[in-house]
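The structure under discussion appears below in the form of C-alpha cells.
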Amino acid sequence: METFQSLLAKKLSNALAAAGLPDAGELTPATDPRFGDYQTNGALVLGKQRGENPREIAEKIAGNLDVGDVCEPPVIAGPGFINFTLRPGAVAERTADILGDERLGVAETESPRRIVIDFGSPNVAKPMHVGHIRSTVLGDALARIATFLGHEVIRDNHIGDWGTQFGMVIYGWKNLLDQRALQQNPLAEIVRIYKETNALATSDPQVREACRQELVKLQAGDKENIDIWNECVAFSMQDFEHVYELLDIHYDIQCGESFYNDRLPGVVERLLKSGIAEISEGAVVVFFRDIPELADKPCIIRKRDGGFNYATTDIATVDYRFDDLKADSVWYVVGAPQTLHFKEIFEIARRQGYQADLRHITFGSILGEDRKLMKTRSGENVPLRELLEEACRRARKIIEEKNPDLSEGEKIDVAQKIGIGAVKYADLSQYRMTDYVFLWDKMLSLQGNTAPYLQNAYVRIRSIFRKAGEFPVTAPASGVRGETGGRRAATTLTLTNPAEINLAKRLCQFAEIVPQVLNDFRPNILANYLFEVANAFHTFYEACPVLKSEEPERSSRLALCDLTGRVLHRGLDLLGIKVPEKM
Ligand code: ARG
C-alpha cells in the first residue's frame, strides 16, 4: 500500500523524465492547506539551475503529470510551485484500505537493521532523577518506532555500576552506615553515605586516600568489597525497576559498566599495538591531533595508576555491540554534555576500522518554573520515582472531578495512564534539543497539546461505539480468513463534508509520518501529528452527526471514528503512552 506522498513523488519523477528534465526538488506536504495537500518546488530548483523561467518549467512538468486518478488537476502557483489536491474519491478509497490494515498503512522498512539502543543508563548508588526522563522516554519511543518499522532492536541499559564513586560508597558503608536506615529506605541510605563520604573526601586527604584504596581493592576482586558492591547494585536496581514498571519500560539486556571490566586490559593492549593509542606521561592515551575540536582533548584510556576510565568501557562496549551482538547501528540516547566524549569514542571506532553507524542522540534540559534546571526546594535533583507518583496523584484528582463514578480499580488504572502519559508526552512533544519548563497544570490539562487531550479524544470515540451498542464497524470479520488473511472487513466510505474529508486525509498521513520520525530522531513529529488528528476529529465531530445520520453516511462516519481511534491508539503506543477506555 503506497502513501499519497510516495505515489505522487513517483508520478512527479515520471513527468520530469517525460518532459526531458532531470529529477529535481521535492514533493512535500503543502505548507498551507488552502493551496492543496502536497506541493513541489521542482520547477523552482530547475529554473535556478538552468537560468530559465520557473513558471514555464512548471507548465512543462504539469503538462506531463499523470495524476488524474488521485488528484484534481495540479495548479501552478506563485513563482512556480505545483500544488496537488487529493480527490475525495481517492481519499475514501485509500482510507478504506487503511481500515483493513492492522499496520494502518505503515510499510515495513526495505532495509531492516539490527540496532542497539543505549538509553536510560542510570548510575548505581544514585537515585534516578528528573534528568533521566528524557533519555529513558525518548529512547523507549525510538525503540518502539524502529521495531514497528521492521528493524531488529536491542534495548540496552548501560548502567553505571562500576566507577570511582564505589570507592566512596564502600568507605561510607564501612564507616558511616546506619543499618536501621538501610532497612527502611536502602537507596536513600546509600546516597546519604556516598554524599557524606564525598564531602569528607573533599576536605580530608586521608579519607580521599582511603576511598582510593577501597576502589583498588574492589577492582582487585577483594571479597568483602565485592559483596558490598553487589548489595549496593541490587538495592539500586530495585529502585530502577520500580521506576521502569511505572513507566512501562523494558530492556533486552542490561550490560552495565561492570560487564566490560574484564575486557578493558585487552582493549588497551590492542589500541597500543595498533598504534591508535600511545604512552604519554605514564598513561595510555589516544590523541586526535588532526581534529581541531579534539586536538587539545586527548582521551586517557588507562590512567597512570593503572585504572581505567569511562571512555575505556565505552570502547569495549562498541566492540561488544558490533562483534558479539552483530549490530548494524548503535544509538546512544545521552545528554548533550557528553558530546565530546562520544565524538572521541566514534573516532576511535573509525580508526579501529569499524564501518559503523554510530549516533549520539542528544537532548536539552528539563527546567523548573524558574527556568533553571529543575531541582527540589532544597536544591537537590528531583527523584524520578517521587515525580511519577506525584503525576499519578494529580491525575487522580482530575478523574475524581471528571468521572467520580468509576470504580476504585478503574480510577487507579486511569490515573496511572493519564499521569505517566502526561509526563512522557510533555517530553516527547518537544523537539528533543529544546529545553522545556516542567509545568504540572499545563501537561495535565485536558485542553491543548497534551496526553490527556489525546487520551480524551480516544475515550470519546470509544464512548460513541458504546452508545451505538455495536462493535466498531470494522471489527475483524468473523470466519473470513484466507483471502483477507484475518484483515478487517472492507467498508466503503462516503466522504462529502469538508470536515470528514480533512479528517480522512490526516489519517492517511499516518503512514507518511511514522517513518519520518527516525530521520532525525524526532518523536515530536508524531506527537504533533496526533494532536492534529485529534483536532481534525473534534472539528469533524462537531460538523458531522455520526449516530444520528442516515446510511450510507452513518457507517462511513463510524468507520472514520474507528480509524481515528486506532491511529490515536497506535500512535500513542509508539510513544509509549497508554490509553484508557474511559476517563
Ligand atoms: N551512566 C551514564 C550517565 O548517567 C550514561 C551512560 C550512557 N551510555 C554510554 N554508553 N556511555 O551519565
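Bear in mind the structure is a predicted one, so any value in this text is a computation, not a measurement. Both ligands and their constituent atoms are indexed starting at 1 by order of listing.
Heavy-atom proximity to atom 11 (N) of ligand 1, evaluated over Tyr332, Phe119, Tyr310, is greatest for Tyr310.
Numbered from 1 in the order shown, with element, the atoms of ligand 1 that lie under 4.0 Å from a heavy atom of Asp118 read 7 (C), 8 (N), 9 (C), 10 (N).
The closest protein non-hydrogen atom to atom 4 (O) of ligand 1 is Asn123 ND2, 3.2 Å. The shortest contact between atom 12 (O) of ligand 1 and any protein heavy atom is with Gln338 NE2, 2.9 Å.
Aromatic ring centres of Tyr310 and His341: separated by under 6.0 Å.
Residue contacts with ligand 1 for Phe342 involve side-chain atoms from C-beta outward but no N, CA, C or O (heavy atoms, distance under 4.0 Å).
The neighbour count for Lys442 NZ, taken as heavy atoms of other residues, nucleotides or ligands under 6.0 Å away, does not exceed 12. Under a cut-off of 6.0 angstrom, the local environment of NZ in Lys397 is sparse, with at most 12 non-hydrogen atoms contributed by other residues, nucleotides or ligands. The number of heavy atoms from other shown groups lying within 6.0 Å of NZ (Lys411) is above 12.
The pair Lys217-Glu224 does not meet the salt-bridge criterion, since no charged nitrogen lies less than 4.0 angstrom from a carboxylate oxygen. Salt-bridge check for Glu344 with Arg350: failed, with every basic side-chain N at 4.0 Å or more from each acidic carboxylate O. Between Arg506 and Glu532 there is a salt bridge, since a side-chain N of the basic residue sits under 4.0 Å from a carboxylate O of the acidic one.
Checking only distances, His341 never comes within under 3.5 Å of ligand 1, N or O to N or O. In terms of N/O distances under 3.5 Å, ligand 1 is not approached by His132. For Glu257, no nitrogen or oxygen atom sits less than 3.5 Å from a nitrogen or oxygen atom of ligand 1, counting backbone and side chain alike. In terms of N/O distances under 3.5 Å, ligand 1 is not approached by Arg321.
For the pair Thr317 and ligand 1, no heavy-atom separation below 4.0 Å is found.
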